[in-house]
Amino acid sequence: MSLDLASLLNTEQHEAASTIHGPLLIIAGAGSGKTRMICHRIAHMLERGIGQQQILALTFTNKAATEMAQRVRELTGSPLPDLVTSTFHAFGLRVLKKQCHLLGYRQNFTIYDSSDRASLLREVMLEEQLDPQAFDSEAVLQLFSDIKTERSGWPDDAPKTFKTLYDAYREHMRLYNAFDFDDLLMLPLTIFDRYPQVLEEYRTHHTHIMVDEFQDTSLEQYRLVQLLAAKSRNLCVVGDDDQSIYSWRGANYRNIMRFEQDFPERKEIKLERNYRSTGTILEAANTLITHNTERKEKALWTDSGKGGLILQLRPEDEEVEIMTVIRKMRNISYERQVGWDAFGILVRTNHLIPFIENKLMLENIPCSVSGGQSFFERKEVKDTLAYLRLLVNPDDDIAFLRVVNTPRRGMGRSTLLQLRQVAERQHVSLSRSLQLVLEHDNDRKGKQYLTMGRFHDLMETYRQALWAAGTRKSSILRSLMEEIGYRNHLLAEFPGNEDAVMWRYKSIETFLALFSRWEQDPDHRDQSIHEYLHMISLAGRERKDDEDKVPKVALMTMHASKGLEFDTVFLLAIEDHVIPHARTLEENPDAIEEERRLFYVAITRARKLLCISSCQQRKRGREMVASQPSRFLSEIPAQLFEDEGEDRELESDETFSALARLRDMLAEKQNPKVV
């Protein structure tokens, strides 16, 4: 099958897909059909006689790599078993599988994930006679990663023991014949540096290399492809410096400049035609991003029309904000006959998600939290919920087992085994078996017996207080979490990492605030606490069992939204100190440009309608604090916005028209036209 690229692609896409030899820099703006062009380019290379094994296409997720390969197969009508579309780490793994013996490793190596690395670090600390509780293991492992990948040197204030620890850690990795994810990039580079003949073998094998999302490459990833392509010069990189938002994980948009220096004979093509958004949305994005100084000049455009203005909301607080968004989604869904998956709600930080998620759940709007764990799946929230469940239902064995040693109480394996035996023998729950042991085993008055008694009395006291609390049950639960010392439990779990402790305890505070709002809501006065727990449980089950079947509103951070698009996008909490983020700017004033790029990415997720909300005041901790709209909003032309007041009710004739449209649609579904 011969591809007619000129008819399948626009002028710039056609030029990019047709240029298959020599270095090529493709600046692909948001929504410019980048993936379509890449797949047609690979198919064209195959059609022009370049062998599939000669092509190496690198990207950043397994999903993207798999989809790329599938689309090329569909274009060519061939199975292409030797075509390599891969992530950088997967490619590094391919190299190590074949070449690791050169570095003294055996073929049956293991890849350590983050928990494996943490366990190994603890083991090494104990061997070096260091107290693991005295160190922040996450920070230590991050430092080791930065050292290994050469992103930084040893800090001046690093303890001397860290260098010894680092060497011991690496030696243990070698002894255990194990690699971590950094090794999947750094060790292939080591092999290529030490063994030029191996590098030459890979250069000969992969003569045409493509890199997608080039602005997200790290220095070591760029060095890898630069080495591979230095001889053939057939390196095509596709990216957009305006969408570089991952510096915190090593991405370096300046790799585009490095490519220009290393491949001065390059050809450069810009894909600026946008197939996603309206003219108004693109004008807002273009004007915003011109305030960045370090960027390739470009301007997205579309011939699909200007579309509506950007809706600007100034709600009183976050409660009014999300309820306004919910009303708008319902109106749009009804008027345009679209499902919930037409909507995306984007926020700058994870901590803004729980309140929104809870409100959507209470309003029976299906919601999918992307790019992160759902709020109700967080360990500290599940622990708090387990205490509440056990107070409400003493026979909940799963909740009992979760909380009985959270925090640790010394009720070890032998105690739990005894309780389990009594429970099975008497056909009762674990809580009831605990009560039976305390009532009838009078000979046991040791420490274990006292521990069991204290736990039983604690739960009984708070169970009675909960049922007597009326609409103040959340305050009882708060008192319980304080009495058991859950914060101290977190301090023991994350020694020396006050930020981690604060973040996790804040999740509990957020849950308690959400629970309080639920029980204070007049609409829930007739509902029991059981119904609240059932609602949360069902929502969690739907997330697991029905993830892809039910259209859902997408709720996510701006970082997680990259690569996605929605008909209607709501950007919430667009306020100074949220975006640009206050802490980010405090740590690095130069980060203002990356914050602006992040806002640019968020804006360009919208196809048809963009709504931006900035609250007049927002809750920080337990206080309401005045908020100011983000400084980025002043960088967008005022004429692109329209202020939106309260939603108006439909007039009677509009209601009848909407009902008539709905009736006609239903009739069409029941009696489809025969063509």
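- Between the side chains of R408 and N405, no donor-acceptor pair is found at a separation under 3.5 Å.
- Of the N and O atoms on the side chains of R170 and Y166, at least one donor lies less than 3.5 Å from an acceptor on the other residue.
- For the residue pair E593 / T293, a side-chain donor-acceptor distance below 3.5 Å is found, with atom types taken as modelled.
- With no hydrogens or angles considered, no side-chain donor-acceptor pair links R402 and Y387 at under 3.5 Å.
- Y105 has its ring centre less than 6.0 Å from the ring centre of F179.
- Taking the six-membered ring for Trp and thresholds of 30 and 60 degrees, F144 and F162 have ring planes more than 60 degrees apart, a perpendicular arrangement.
- Taking the six-membered ring where the residue is Trp, F91 and H206 present perpendicular rings, their angle passing 60° and hence far from 30°.
- Residues D383 and T406 have side chains that never bring a donor and an acceptor to within less than 3.5 angstrom of each other.
- Here F263 and F259 bring their ring centres to under 6.0 angstrom of each other.
- When the side chain to side chain contact (heavy atoms under 4.5 Å, CB included) test is applied to N234, the partners found at least two apart in sequence or on another chain are H21, H208, S232.
- The existence of a salt bridge linking D242 and R295 is confirmed by a sub-4.0 Å separation between a basic side-chain nitrogen and an acidic carboxylate oxygen.
- Cation-pi geometry between R117 and F181 is not met at under 6.0 angstrom from the ring centre and within 45 degrees of the axis.
- Defined by atom type and a distance below 3.5 Å, a donor-acceptor pair is missing between the side-chain atoms of T451 and R409.
- Residues F88 and Y222 keep their aromatic ring centres 6.0 Å or farther apart.
- A centroid separation of less than 6.0 Å is found between the aromatic rings of F400 and F455.
- Aromatic pair H172/Y169: centroids not less than 6.0 angstrom apart.
- A side-chain N or O of Q215 and one of E213 form a donor-acceptor pair less than 3.5 Å apart.
- The closest side-chain donor-acceptor pair between T349 and H351 falls under 3.5 angstrom.
- A salt bridge links E200 with K231: the distance from a Lys NZ or Arg NE/NH1/NH2 to an Asp or Glu carboxylate oxygen falls below 4.0 Å.
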